[in-house]
Amino acid sequence: MEFPIPKNIIKFFTGGYSKEQEKKGDIQFDTLIDTSDYYDINADEKELVKLANEWEVKWYTSEEFTKMKSIWEENYDFWVGNHNAQYIGYLSGLYGMSKQLIDNRLFVALETVLPIAGKQVPEALVEPDVKYPQDFDYEIANNTKNAINNIARVKKLRLVGKRALRNWALYHLGVAKIYYDKDEGISFYNVNPANIIFDVNGYISETGEYKGEYIGERKKFTAKKLIELFPAKEKEIKKIVNDKLGSVLFVSEYWYNDFVFWKYKNLFLCAKKNPYWNIKKSNHFKKVKFPYVFLNVFNLGLSFFDDTGLIQQNIPLQQLLNKRLKQIDKNVDKLNTALVISGDSGLTKAQAREVIEAYEQGRGVYIQRGEPSRVLGSLQVPSIPQDVYQQLQDMRIEIDNIFGTHAVMRGEPQKYVTATGIMLSRQGDENRIGLIADALERFYNDIYNWIVQMLYVFEPEKIVTKEISMFAKKRGKRSMLFSTPLIVSVKENSLLPKDEITLRNTAFTLLQLGRLDPLSAFELLGMPDPKKYYERLIKFQQDPTLLLKEEVEQLTPNQTETPPLTTETPPPPPVPPPEQPKQETLPQQPTEQLAEETYQSIEEKIINAFK
């Protein structure tokens, strides 16, 4: 795979882009730049362009980027099944194979880990960070928590986390960017790490915080879109593309100190104050940050990228696995025999080679002279030792050991394995995947804190309502907006893989022993809305008719709104007929039957929920 990085970096900064990159679609078109309503800054345009060009040359010619580019290509090839073309060519010459015969255990293992680790999004936890919190402090924290969880659900943060996990596995780093759009609101998207321009003197700490003076991102636009974003540069852009507005241009976006600026090669486009920071108002963060969140696991703090990865650790095993598989396949194709042709046959070496090919394909052969039994023969090839098959299996198991994806985690049936053995195998895999889940929790924690910062800047009404503000002013002590500092985190171990059967049995046992409340039991059972189930259970225990009354009240307006169609009968007299009271008493019997059936169905649902 060719990554979206130019081979000649100097030429890239002074002229065109790769047509092959556009054709492959390695870099997606970006429409996430919003240059409106930003504070302008007084900056030397030429100086910023010169500085940015120096940053780009330093990064793309650095030893770290050169090393990572080869790792990215190798990881991608093994993930998609292109297992080292040079090695395949060697086997083709050695064994006469023209196609790849592989058992891609790397893909199977990786695509088992990612769905387990990224199955859900953790719940946000928010609490006031004050010594003596008041009522409105707790209400602000609760509003913030609800806003975070709603944004995470609506914006499908779970999918963002899954893509970040896959990027981490392939690129040794996951990157997400948080931004605000007038139409979409607070949003986030994944960034290909190959499109990030890092500070060569920086690094990513163990807490996932970027330590660098600046950070850049390459974005792809058409000339027409670029003019819409930067109308003041319309003349220069049209000149660059010769009025071909469909031309594709790569723009660099840089976050530096407390402002952001854009440039295309040597053309300065725009510079603005950091839009995600309140200059004269309160902020959730204590200092200005760049709007990027990073995911890494095997990092010693020496680089932006992980020092190693799951795919890199297993590539030698995968290569040996492919080699053994091809050797076994070749032996089976020959049916454990090899054809031998005597020199007395009168055949030249070229003719003998044709005879061997015909023999392997099951066709007849012609011998110029001599008895076929004397000039043709087969040598019995010893069968493959059992140790070879055992080694094949051992390599598959070792790959599963490193990934933490044994057959139990994949949901495959296991023969001759006890229940205790299955449980121990699952626990071992869960502990290994737990390391990835911990890093993902930190990733979500950083995103949640960024959501709060965005709420401070763009949507404060979702946190501090008018009622809260008025109440706080009456108290007199903390009447300013966002005077309540907040601690935002995620529920620990919420992303660890869970054995649903074990949790279900545990919840049922604790309920029987009276050591667990129903709400916690519903949460352990993984019900979508445990509080709703708990409220219905309380109503049912107090008075079973309450649930039925709610259903009847919801149905009654619909029934009374639709009058009976009477086209032939005259309108009723003002005085109701004597039969009218009887009509009102008729539905009583069906209602009692319906109530009894409803009670039974509700009781069955409650009982089934605790089984």
Side-chain angles (χ1 to χ4, degrees), residues 5-6 8-17 27 30-62 65 177-180 191 195-203 210-242 247-281 283 285 287-292 304 453 457:
I5 304 301
N8 189 332
I9 192 68
I10 305 300
K11 180 180 179 181
F12 170 76
F13 292 121
T14 57
Y17 63 92
I27 302 180
D30 201 330
T31 59
L32 304 179
I33 292 182
D34 184 5
T35 58
S36 61
D37 297 336
Y38 287 10
Y39 294 101
D40 288 308
I41 65 171
N42 295 322
D44 188 334
E45 298 181 1
K46 293 183 179 180
E47 187 64 26
L48 286 179
V49 170
K50 179 181 177 182
L51 195 61
N53 287 342
E54 291 177 358
W55 293 340
E56 292 170 348
V57 172
K58 283 182 180 180
W59 172 244
Y60 288 125
T61 58
S62 66
F65 175 79
K177 183 178 180 181
I178 296 87
Y179 69 99
Y180 184 84
V191 182
N195 292 332
I196 295 292
I197 303 168
F198 291 102
D199 180 358
V200 293
N201 298 318
Y203 64 96
Y210 178 78
K211 302 292 185 179
E213 186 179 358
Y214 59 85
I215 188 171
E217 179 185 353
R218 296 177 64 224
K219 295 170 175 284
K220 183 179 182 180
F221 298 95
T222 62
K224 180 180 179 181
K225 183 63 179 179
L226 203 59
I227 292 174
E228 293 177 1
L229 295 171
F230 306 102
K233 301 295 180 178
E234 179 179 0
K235 182 178 179 181
E236 293 87 342
I237 295 173
K238 286 185 175 180
K239 182 179 179 181
I240 291 174
V241 299
N242 295 324
S247 302
V248 179
L249 304 175
F250 292 103
V251 175
S252 296
E253 174 184 306
Y254 278 97
W255 298 81
Y256 178 53
N257 292 335
D258 61 344
F259 65 93
V260 55
F261 69 93
W262 296 267
K263 68 135 188 127
Y264 171 71
K265 301 189 188 324
N266 293 321
L267 174 63
F268 181 84
L269 296 174
C270 181
K272 301 289 182 180
K273 278 288 186 181
N274 190 324
Y276 306 141
W277 182 258
N278 277 325
I279 298 178
K280 298 181 180 180
K281 298 180 181 180
N283 291 277
F285 293 138
K287 62 179 181 179
V288 179
K289 291 187 176 183
F290 304 142
Y292 295 91
F304 302 104
Q453 174 65 22
V457 178

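Quick caveat, the model's predicted, so the values are computed rather than measured.
- A distance of 8.0 Å separates CZ of Phe259 from NZ of Lys273, quoted to the nearest 0.5 Å.
- Salt-bridge annotation for Glu228 and Lys224: absent, with no side-chain N of the basic residue lying under 4.0 Å from a carboxylate O of the acidic one.
- With values rounded to the nearest 0.5 angstrom, Tyr210 atom OH is found 14.5 Å from Lys289 atom NZ.
- The side-chain heavy atoms of Ile240 and Tyr264, taken from C-beta on, include a pair separated by under 4.5 Å.
- Pairing each heavy atom of Pro275 with each of Val457, the nearest pair is O-CG1, 3.7 Å.
- In terms of heavy-atom proximity, Val200 sits nearest to Ser62 at CG1-CB, 4.3 Å.
- Shown here for Val191 and Lys177, the closest heavy-atom pair between the two residues is CG2-CB, 4.0 Å.
- Side-chain atoms of Glu253 never come within 3.5 Å of backbone atoms of Lys219 as a donor-acceptor pair (strictly under, hydrogens ignored).
- Considering NZ of Lys263 and CD of Glu56, their distance stands at 3.5 Å, rounded to 0.5 Å.
- The shortest distance between side-chain heavy atoms of Glu217 and Tyr254 does not fall below 4.5 Å.
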Under the criterion salt bridge (Lys or Arg N to Asp or Glu O under 4.0 Å), I'd like the reasoning laid out for Lys238 against Glu234: C-alpha separation, chi angles, the key distance, then a yes or no. CA-CA 6 Å; Lys238 286 185 175 180; Glu234 179 179 0; 2.9 Å; yes
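- Note that CZ of Phe221 and CG of Leu226 are 7.0 Å apart. Values are rounded to the nearest 0.5 Å.
- Contact record, Phe290 with Tyr256: CE2-N, 4.1 Å, taken as the closest heavy-atom pair.
- A distance of 6.0 Å separates CD of Glu236 from CG of Leu267, quoted to the nearest 0.5 Å.
- Side-chain contact check for Lys46 versus Asp44: some heavy-atom pair is nearer than 4.5 Å.
- Relative ring orientation between Tyr292 and Trp255 is described as perpendicular, the plane-to-plane angle rising above 60° on a 0-90° scale split at 30° and 60°.
- A 4.5 Å side-chain heavy-atom check between Phe285 and Trp277 finds at least one atom pair inside the cut-off.
- Between Trp55 and Tyr60, a ring centre-to-centre spacing not shorter than 6.0 Å is recorded.
- Relative orientation of the Trp59 and Phe198 rings is perpendicular, given thresholds of 30° and 60° on the angle between their planes.
- Here the side chains of Leu249 and Thr222 are not in contact, with every heavy-atom distance at 4.5 Å or above.
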I'd like to know whether Ile196 forms a side-chain contact (heavy atoms from CB on, under 4.5 Å) with Ile215, so could you lay out the CA-CA distance, the side-chain angles of the two residues, the decisive distance to 0.1 Å, and finally the verdict. CA-CA 7 Å; Ile196 295 292; Ile215 188 171; 4.0 Å; yes
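- Tyr214 OH: more than 12 foreign heavy atoms inside a 6.0 Å radius.
- Distance alone, capped at 3.5 Å, places no donor-acceptor pair between the Asn278 side chain and the Asn283 backbone.
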Worked check of side-chain contact (heavy atoms from CB on, under 4.5 Å) between Ile197 and Arg218: CA-CA 8 Å; Ile197 303 168; Arg218 296 177 64 224; 4.0 Å; yes
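- Residue Cys270 holds its SG atom at 10.0 Å from CG of Leu229, rounded to the nearest 0.5 Å.
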